[in-house]
Amino acid sequence: MQILTTITELNEYLAEQKLALKTIGFVPTMGALHKGHLSLVANAKKEEDLVICSIFVNPTQFNDPKDYEKYPRNFNTDIQLLQKHKVDALFLPNEGEIYPKGEVLKSYDLGNLETVLEGKHRKGHFQGVAQVVHILLDLVKPDKLYLGQKDFQQVLIIKKLVSLINSPTKVVVCKTVREKNGLAMSSRNARILPEHKAIAPALSHVMLRAQDQVGKVSIAKLKKQAIAYLSYFKPIKIDYIDVVNIDTLMPLTSWKDSDKYLICGAIFLGEIRLIDNEILLSPKVLKLNF
Ligand code: AMP
């Protein structure tokens, strides 16, 4: 695996590969890699000639400076993992390489998508995400960009960015990889306190069981049941649980609204904020009477 730390090195590598007409799958990450990240790599390897990963803990997407400071950084282990999974090149820039003029925030017209759900709770977060992905797409110019469904709102934001900047890159969304107990894998899971480990999968249980309730109970009742279930576990502080339109992320009140919905939520376990989501199929698609 080639490790490229500067834009000059990246450009030289890309020129060689583009000359050889290689197609490129790109997997941007913030490191502290786990099986979720590696599933994106595996999908990219199946579809493209080359897989390029990036590791960059992007300061502009952290609304909480403490979260940025404490974000796990295991670059040596990450490099070994990517080598083992036969990634072709790793772009591992420092901050000055990505933001040579300092962290000046750009402004993107992301519409309502950036103000709901995660956006409501993490002001400015999605502008930071859009900014860094814009920079990385301009640099790598991949054929396909591989993203995880785990960060569903981020996927919609990046799809919007791709259309705003007229990028020819195709976005590929990969399923959420979970622990055996259901917990969605996340770099932040490493910071869950030992005494909270047993209850950490509670949010994923709400997400994974919701489909059984679609069309049988109202959305309001499903949310009430979910909140009651999570509230039983005292250390859990619920940030939000919602059922939303899968394209606009606006809250829904009736199962009759469309063919697919998204259930999503965020909880705090001590200092750690966990998010999760699942796509729900409507009773119409499942051919249930409702
Ligand atoms: P991050 O390093 O957290 O910025 O994540 C980099 C990419 O990996 C994003 O596209 C995430 O959505 C994706 N990702 C993170 N966790 C998972 C997971 N459990 N399953 C699948 N993809 C994931």
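Counting starts at 1 for both ligands and their atoms, in listed order. Here the structure is a predicted model, which means the values were calculated and not measured.
Counting heavy atoms of neighbouring residues, nucleotides and ligands inside a 6.0 Å radius, atom NZ of K224 does not exceed 12 of them.
Inclusion of A184 in the set of residues having an N or O under 3.5 Å from an N or O of ligand 1 is not warranted. Distances between N or O atoms of H37 and those of ligand 1 include at least one value under 3.5 Å. Ligand 1 has no N or O atom lying under 3.5 Å from any N or O atom of C174, backbone or side chain. Considering backbone and side-chain atoms together, M30 places an N or O closer than 3.5 Å to an N or O of ligand 1.
For R273 and E118, the salt-bridge test passes: some basic side-chain N is under 4.0 Å from an acidic carboxylate O. Taking a cutoff of 4.0 Å between a charged side-chain nitrogen and a carboxylate oxygen, K197 and E179 do not qualify as a salt bridge. Between K170 and D143, none of the side-chain N atoms (NZ, or NE/NH1/NH2) sits under 4.0 Å from a carboxylate O, so this pair counts as no salt bridge.
Using a 4.0 Å heavy-atom cutoff, H34 is listed among the residues neighbouring ligand 1. Proximity of K175 to ligand 1 is established by a heavy-atom distance of less than 4.0 Å. In this structure, Y71 is part of the shell of residues with a heavy atom less than 4.0 angstrom from ligand 1. Assignment of A32 to the shell around ligand 1 is not supported, since no heavy atom sits closer than 4.0 Å.
Listed by chain and residue number, Y108, E114, F126, Q127, A130, I157, K160, L164 satisfy the side chain to side chain contact (heavy atoms under 4.5 Å, CB included) test with L110 (two or more places apart in sequence, or in another chain).
In summary, the side chains of N58 and Y99 do present a donor paired with an acceptor at a separation below 3.5 Å, with no hydrogens or angles considered.
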